[in-house]
Amino acid sequence: MNLKTIHRRLLLTAIILMGAMDISAQDSITTYSRDQQMRSRVDSVLTQRYYRITYDTNYVVRPEGKLTLKVRMNQTGNSFHAKGTVNGIYSKADLQTSHKTTFSVAGIYRGIGVGMAINPAKWKGIYKDYEFNLNYYSSKVSVDFSYQRSESLAGDIHGDRGEQLLESGDLTMKVINVVGYYTFNHRRFSYPAAFTQSYIQRRSAGSWLAGISYQGGSIKTTDDLKARNPNAPDVRIYVGHLGIGGGYGYNWVLGKKWLLHFSMLPTFVVYNRNNMTVNGERKKAQRMRFNMIFNERAAIVRNFSSRYFAGATLVMNNSVFDDDVVVVNQNKWRARAFFGLRL
């Protein structure tokens with residue numbers, strides 16, 4: 001092979017490589033352009049959804065800025081009271097779980113958010129319970145959902161055999177609480193303004209509410225209790241009651257910077273599956289029984305400027321179920337303090 005042939009082949013190879021590099025660069029530019037178009041399209045859809053006017057702007061407005069960042073401290077608790085007589089054995093229990101405290105950071109973009117929470121007590125092995133909370137707040141419909149699995153339930157049981165102290169680990173509890181709201185005056189009254197700050201309440205307004213609530217779960221004694229006290233009875237209390245009702249909520253706007261919220265939704269139990277089992281013998285409550293589940297909310301929000309805000313919220317669910325077989329009262333609550341920044 002002579003020198004001239006080698007030069008020709010090197011030149012041809014260089015031309016091919018340059019062409020391939022050009023095609024690769026064009027592909028990268030095309031991919032980047034498509035990604036930009038996709039992000040732009042998604043942002044446009046979210047922006048249109050975010051600023052869609054379905055409310056009276058004299059009372060409610062959307063805050064400016066695409067992104068909201070919040071830091072939050074949350075604390076939850078649950079107390080449970082029950083009594084009944086099964087197989088000639090009378091039992092009355094006054095119990096409560098350990099309080100759960102978490103710290104979280106959340107980011108909300110055009111009304112859609114994600115968050116991350118940490119529980120210092122969980123890391124240290126002090127808090128072994130599990131709890132999941134999901135909250136959805138829109139102009140018309142709001143939903144609070146919580147699930148709790150607890151082994152920290154402790155307290156006293158009073159009965160025919162005297163008073164007995166129940167320690168953490170003697171009982172297991174699994175409880176679900178669900179509450180759904182419909183806001184009639186959703187054009188002027190905003191739940192999100194109080195609980196997610198994705199709206200701003202400009203003038204005071206209230207609304208009648210319609211809703212449905214459910215509380216369900218079980219509490220039962222464990223093998224640890226039998227090992228510690230062989231004479232302790234095997235007890236299982238099952239709760240499952242559904243209620244429907246209506247209530248009222250109000251947002252007070254003070255000085256254009258403060259928002260105070262209070263609401264209550266009492267519901268009437270229309271169906272239940274409550275029962276109590278002691279040493280293998282079960283007694284059931286009447287399916288139709290006039291009882292109540294109360295759902296309360298409160299909030300305070302301070303808007304320091306168009307960018308900074310802070311506040312606190314409280315959500316509670318209280319049931320009162322009274323039957324000849326079993327009497328059940330559950331009190332579940334969640335408190336939250338927060339500070340936020342809009343960008």
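Heavy atoms only: backbone and side chains are in, while hydrogens, waters and symmetry mates are out.
Without hydrogens or angle criteria, S152 side chain to S98 main chain gives a donor-acceptor distance under 3.5 Å. No donor-acceptor distance shorter than 3.5 angstrom exists from the side chain of Q215 to the backbone of V239, with no hydrogens or angles considered. Using a distance-only test at 3.5 Å, with no hydrogens or angles considered, no donor-acceptor pair links the side chain of R342 to the main chain of E64. S319 places a side-chain N or O within donor-acceptor distance of the main-chain N or O of Q330, the cut-off being under 3.5 Å.
Of the inter-residue distances, the one linking S198 atom OG with I108 atom CD1 reads 8.5 Å to the nearest 0.5 angstrom. Rounding to the nearest 0.5 Å gives a distance of 5.5 Å between CG of L343 and CG of L67.
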Notebook entry, point to check: Please walk me through it: do T267 and S213 pass side chain to side chain donor-acceptor pair (under 3.5 Å)?
Noted result: CA-CA 7 Å; T267 60; S213 57; 2.6 Å; yes

Next item on the list: Under the side chain to side chain donor-acceptor pair (under 3.5 Å) rule, what do K70 and Q197 come out as? Steps first, then yes or no, please.
Entry: CA-CA 10 Å; K70 292 198 289 186; Q197 296 74 54; 3.0 Å; yes

Checklist line | Verdict with reasoning, E151 to T172, per side chain to side chain donor-acceptor pair (under 3.5 Å) | finding: CA-CA 5 Å; E151 295 182 2; T172 59; over 6 Å; no

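I244 CD1: 12 or fewer foreign heavy atoms inside a 6.0 Å radius.
In the hydrophobic clustering, F309 connects to V253, L259, V301, F338, either directly or through intervening members, whenever side-chain heavy atoms lie under 4.5 Å apart. Counting Ile, Leu, Val, Met, Phe, Trp and Tyr side chains that sit under 4.5 Å apart, directly or through other members, I200 shares a hydrophobic cluster with V61.
For K332, the salt bridge (charged side-chain N to carboxylate O under 4.0 Å, His left out) partners are E131, not counting sequence neighbours. With sequence neighbours excluded, the residues that form a side chain to side chain contact (heavy atoms under 4.5 Å, CB included) with M316 are E296, L314, N318, W333. Under the side chain to side chain contact (heavy atoms under 4.5 Å, CB included) criterion, D144 pairs with N135, Y137, Y181, R297, V315, not counting sequence neighbours.
Between F132 and Y130, the distance separating the two ring centers is not shorter than 6.0 angstrom. Between H186 and Y191, the gap from one ring centroid to the other reaches at least 6.0 Å.
When all heavy atoms of G180 and L265 are compared, the closest pair comes out as O-CD2, 4.1 Å.
You'll find the side chain of R202 stays beyond 4.5 Å of the side chain of Y59, heavy atoms only.
Counting only residues at least two apart or in different chains, salt bridge (Lys or Arg N to Asp or Glu O under 4.0 Å) contacts with residues 181-190 comprise D56-R188.
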